[in-house]
A.B. asks: 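For reference, the structure I am asking about is given below.
Owing to the predicted nature of the structure, the values given are computational and were not obtained by experimental measurement.
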Amino acid sequence: QVQLVESGGGLVQPGGSLRLSCAASGIGFSSYGMGWFRQAPGKEREFVAAISWGGGSSYYADSVKGRLTISRDNAKNTVYLQMNSLKPEDTAAYYCAASRVLYGSRRPADYNFWGQGTQVTVSS
């Protein structure tokens, strides 16, 4: 049974930091591109960041570039999202996803498995 379990969300003040984790089980983790997406209330799910199967390539949405960093540890079957300089507009539920596309993708339809999400709220 495939499971992606996110953790690390919470309430943070503007300018603060959080580190999200996503632990995978039931898949050959190192053979999957991984991505992070987010969805705010009343909005479509949007791409945040993706990383290739080996971690050597990553890319970001323009809105988060320079503030958020995706990384992975294949020995631990875990992908991370380091979030710095957070803004109120970063408030959303954050989802990790696994894709058989080895470099990941900006398109949700290219992902085969999804986690349940973790809430990030940026507010003073």
A.B. asks: Over all heavy atoms of both residues, which pair between L4 and M34 is shortest? Give the atoms and the distance, please.
C.D. replies: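 So the minimum-distance heavy-atom pair works out to CD2-CE, 4.4 Å.
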
A.B. asks: Pairs in or reaching into residues 110-124: which pass salt bridge (charged side-chain N to carboxylate O under 4.0 Å, His left out), with residues at least two apart or in two chains?
C.D. replies: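 Matches after skipping sequence neighbours: R107-D110.
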
A.B. asks: Going hydrophobic residue to hydrophobic residue with side-chain gaps under 4.5 angstrom, can you get from Y80 over to Y94?
C.D. replies: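 In one cluster with Y80: Y94, no.
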
A.B. asks: For residues T91 and Q119, determine if any side-chain heavy atom of one lies less than 4.5 Å from a side-chain heavy atom of the other.
C.D. replies: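 Side chain of T91 against side chain of Q119, heavy atoms only: contact under 4.5 Å found.
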
A.B. asks: Strictly by salt bridge (charged side-chain N to carboxylate O under 4.0 Å, His left out), give each pair with a member in residues 71-80 just once, sequence neighbours left out.
C.D. replies: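 Residue pairs with at least one partner in residues 71-80: there are none.
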
A.B. asks: Taking distance alone, no hydrogens or angles, what donor-acceptor pairs closer than 3.5 Å link side-chain atoms of residues 11-32 to residues at least two apart or in another chain?
C.D. replies:
residue, atom, partner, partner atom, Å
S17, OG, N84, OD1, 3.0
Y32, OH, R100, NE, 3.4

A.B. asks: What distance do S85 atom OG and R67 atom CZ have between them, rounded to the nearest 0.5 Å?
C.D. replies: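 Taking OG in S85 and CZ in R67, the distance rounds to 7.0 Å.
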
A.B. asks: Taking only residues two or more places apart in sequence or in another chain, which ones pass side-chain contact (heavy atoms from CB on, under 4.5 Å) with R45?
C.D. replies: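 Once residues adjacent in sequence are excluded, the partners of R45 under the side-chain contact (heavy atoms from CB on, under 4.5 Å) criterion are F37, Q39, Y95, W114.
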
A.B. asks: Does anything in residues 46-59 pair up under side chain to side chain donor-acceptor pair (under 3.5 Å), and if so which pairs, sequence neighbours excluded?
C.D. replies: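 Qualifying pairs, neighbours excluded: R38-E46.
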
A.B. asks: What do you reckon, is CD of E89 surrounded by more than 12 foreign heavy atoms closer than 6.0 Å?
C.D. replies: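 Yes, because the 6.0 Å sphere around CD of E89 holds more than 12 heavy atoms from other groups.
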
A.B. asks: Go through the structure and list residues passing salt bridge (charged side-chain N to carboxylate O under 4.0 Å, His left out) with K65, not counting sequence neighbours.
C.D. replies: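 Counting only residues at least two positions away or on another chain, K65 forms a salt bridge (charged side-chain N to carboxylate O under 4.0 Å, His left out) with D62.
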
A.B. asks: For residues 38-93, which residue pairs qualify under disulfide bond (SG atoms under 2.5 Å apart), counting only residues two or more places apart or in two chains?
C.D. replies: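 Of all non-adjacent pairs touching residues 38-93, none passes disulfide bond (SG atoms under 2.5 Å apart).
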
A.B. asks: On a heavy-atom basis, which atom in I51 and which in S71 lie closest, and how many Å separate them?
C.D. replies: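 Smallest interatomic distance, heavy atoms only, reads CD1-CA, 3.7 Å.
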
A.B. asks: Donor-acceptor pair, R106 side chain versus F47 backbone, under 3.5 Å?
C.D. replies: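 No: the side chain of R106 does not pair with the backbone of F47.
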
A.B. asks: Spell out, as yes or no, whether a donor-acceptor pair under 3.5 Å connects the side chain of Y60 to the backbone of I70.
C.D. replies: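 Yes, because the side chain of Y60 sits within donor-acceptor range (under 3.5 Å) of the backbone of I70.
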
A.B. asks: Check the surroundings of atom OH in Y103: do more than 12 heavy atoms from other residues, nucleotides or ligands lie under 6.0 Å from it?
C.D. replies: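 At most 12 heavy atoms, drawn from other residues, nucleotides or ligands, come within 6.0 Å of this atom.
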
